[in-house]
Number of protein chains: 2
Amino acid sequence: MTQTGNGTPAYQRIQSGILELIRTGELKPGDVVESERELAKIHGVSLMTARHALTELEREGAVVRKRGTGTFVAPPKIHFNKLMSFTEQMASRGLPEYSKVLSARVIEREAEIAARLLLSPQQSLLKLERLRQGSGEPFALETCYLSAEKYSGLVNAPLQRASLFSILEKQYGLQIAYADEEIDAIAAEARTAQLLSVARGSPLLRIRQVIYSASGFREIYVLGLYRADRHVLNVRRFR
Amino acid sequence: MTQTGNGTPAYQRIQSGILELIRTGELKPGDVVESERELAKIHGVSLMTARHALTELEREGAVVRKRGTGTFVAPPKIHFNKLMSFTEQMASRGLPEYSKVLSARVIEREAEIAARLLLSPQQSLLKLERLRQGSGEPFALETCYLSAEKYSGLVNAPLQRASLFSILEKQYGLQIAYADEEIDAIAAEARTAQLLSVARGSPLLRIRQVIYSASGFREIYVLGLYRADRHVLNVRRFR
DNA sequence: AAGTGGTCTAGACCACGGC
DNA sequence: CCGTGGTCTAGACCACTTC
């Protein structure tokens with residue numbers, strides 16, 4: 001008797017159940033999760049199916065399994081390698097944040113940048129230059145480039161208030177998936193130094209990122225220059 | 001009749017077989033991998049077991065599965081967020097590499113660094129300072145700190161020739177798992193500038209990493225200073 | 001000894017893709 | 001239509017941890 005119930009697979013329903021308990025705080029990090037056999041019985045499912053559910057949850061880092069002992073809620077996740085907008089980053093640290101839009105306009109014939117987005121060299125681009133401030137001090141200079149064709153409406157968007165990510169996600173239905181970043185350091189040249197209130201030649205962290213949509217397209221190119229004395233990047237690398 | 005053969009699980013043997021074909025080039029990116037049913041028959045194993053093997057290979061990024069179509073060798077992996085030693089990095093790019101050991105000795109009372117390894121402030125540390133050169137030019141200055149108690153033998157290890165990682169893995173049985181890195185930029189001070197053959201005040205990429213063993217302990221602290229004009233860091237971040 | 005996760009079997013039905 | 005991967009069953013034995 002296979003009782004699939006609704007359309008969602010049984011193993012996913014089991015996962016949702018556990019994730020819900022974690023989300024609501026009913027299960028805290030370190031707490032025991034029901035064993036495979038218990039889950040199988042409760043959900044009226046075979047052992048393999050219950051196992052499947054836990055295997056995926058472990059892979060996602062939600063739980064930890066210990067042979068001979070049980071399955072436990074994983075320690076609070078550290079948000080390493082998470083792609084967050086400036087706004088989100090500041091919010092997650094509880095810091096006040098402010099962005100000044102220096103320019104938002106359409107540019108033409110920027111072949112090099114178009115190439116990074118895999119667009120043809122003549123294609124026009126939307127260029128968005130913002131000075132990021134945190135705790136009242138200038139912090140970073142971020143220049144975003146997007147296809148002008150797709151995102152022309154952004155020129156008049158309330159970027160002063162809302163985060164670019166949230167506008168793209170909500171208004172344009174863009175599903176941001178990941179970003180590849182190139183990180184190095186450069187010396188501040190005159191204009192940048194002045195905008196960021198640092199001396200000319202001061203070391204800046206330069207982050208060039210290509211942001212990909214869930215469907216695999218290159219959607220945004222961002223050139224970020226960060227005051228090294230105000231910014232540390234956190235990365236986790238695996239062997 | 002369960003024929004396990006040797007000690008390794010069947011699904012791992014199936015994985016090794018496929019990975020070997022990929023490694024030797026017998027299977028190239030885009031090629032079809034044997035179907036679940038074929039694998040099950042060939043290896044005299046049930047369908048679930050063959051599936052398990054492919055599921056893990058897909059998770060690791062070695063293959064891609066397409067419902068209704070088949071399983072294919074994944075496109076060449078991009079080594080994002082991979083923890084590699086300097087030696088490995090240079091080798092993977094086919095570049096000649098050379099390291100000069102500037103010092104290798106035991107130091108005492110370096111409370112701040114001991115703290116990063118969660119050791120007591122008085123504990124003595126092994127300090128290993130190396131100048132990394134690639135293509136004949138100085139490239140980076142790397143200073144490693146390890147527990148002197150555990151790794152005292154390293155003082156006399158052939159670090160000129162073998163990579164620190166490989167010595168730790170082979171001789172000390174250390175299983176390196178991952179590293180958390182703090183990345184920022186600083187201006188080169190006198191000694192560093194001289195060693196790296198750059199002007200004083202040049203921007204350097206500073207990477208401070210804590211390397212963890214598979215059992216979760218903090219094993220190595222590395223302070224790396226990289227010439228920004230010779231080094232770009234690649235990172236992938238996920239939403 | 002009892003309970004846990006790890007591996008595995010020999011089937012089954014479904015949804016999807018290509019022909 | 002046929003072959004593919006996706007989901008699932010109702011058991012089984014093993015290795016490990018805890019008591």
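In this text the structure is predicted, and so the values were computed from the model without any measurement. Chain naming here is simple, since letters A, B, ... match the order of the sequence lines and numbering starts at 1 in each.
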Cation over ring face, A:K150 and A:Y172, 6.0 Å, 45°: no

Side chain of B:R65 - closest among D:dC8, D:dG5, C:dT4: D:dG5

Residues in ring pair (Phe, Tyr, Trp, His ring centres under 6.0 Å) contact with B:F139, at least two apart in sequence or another chain: B:F86, B:H231

Salt-bridge contact A:E38-A:K41 (side-chain N to carboxylate O under 4.0 Å): no

Contact letters for nucleotides 14-19 of chain D, in which S counts primed atoms plus P, OP1 and OP2 and B counts the base, heavy atoms under 4.0 Å: -SBB--

All side-chain hydrogen bond (donor to acceptor under 3.5 Å, both in side chains) counterparts of B:R239, not counting sequence neighbours: A:E88, A:E169

Which nucleotide in C:dG5, C:dT7, D:dG5 has an atom nearest any side-chain atom of B:E36: D:dG5

DNA chain C-proximal residues of residues 47-56 of chain A, any heavy atom under 4.0 Å: A:M48, A:R51

Residue met sooner reading DNA chain D from 5', once A:S46 and B:V33 are mapped to nucleotides: B:V33

Protein-nucleotide distance (A:I14, atom CD1; D:dT7, atom C1'), rounded to Å: 12 Å

Phosphate OP1/OP2 of D:dC8 contacted by A:Y11 side-chain N/O (<4.0 Å): no

Short side-chain N/O contact from A:T71 to OP1 or OP2 of C:dG5, under 4.0 Å: yes

Considering all heavy atoms, the nearest B:L117-B:L146 contact: CD1-CA, 4.4 Å

Protein-nucleotide distance (A:H43, atom NE2; D:dT9, atom P), rounded to Å: 12 Å

Those residues that, when tested against B:Y145, pass side-chain hydrogen bond (donor to acceptor under 3.5 Å, both in side chains) (two or more places apart): none

Between C:dG6 (P) and A:L39 (CG): distance, integer Å: 13 Å

Mutual orientation of the aromatic rings belonging to A:Y212 and A:Y178 [parallel < 30°, tilted 30-60°, perpendicular > 60°]: parallel

Atom pair distance, as rounded to whole Å: NZ in B:K66 and C1' in D:dG3: 16 Å

Set of side-chain hydrogen bond (donor to acceptor under 3.5 Å, both in side chains) partners for A:E34, sequence neighbours left out: none

Neighbour count >12 (heavy atoms, 6.0 Å) for atom CD, B:Q175: no

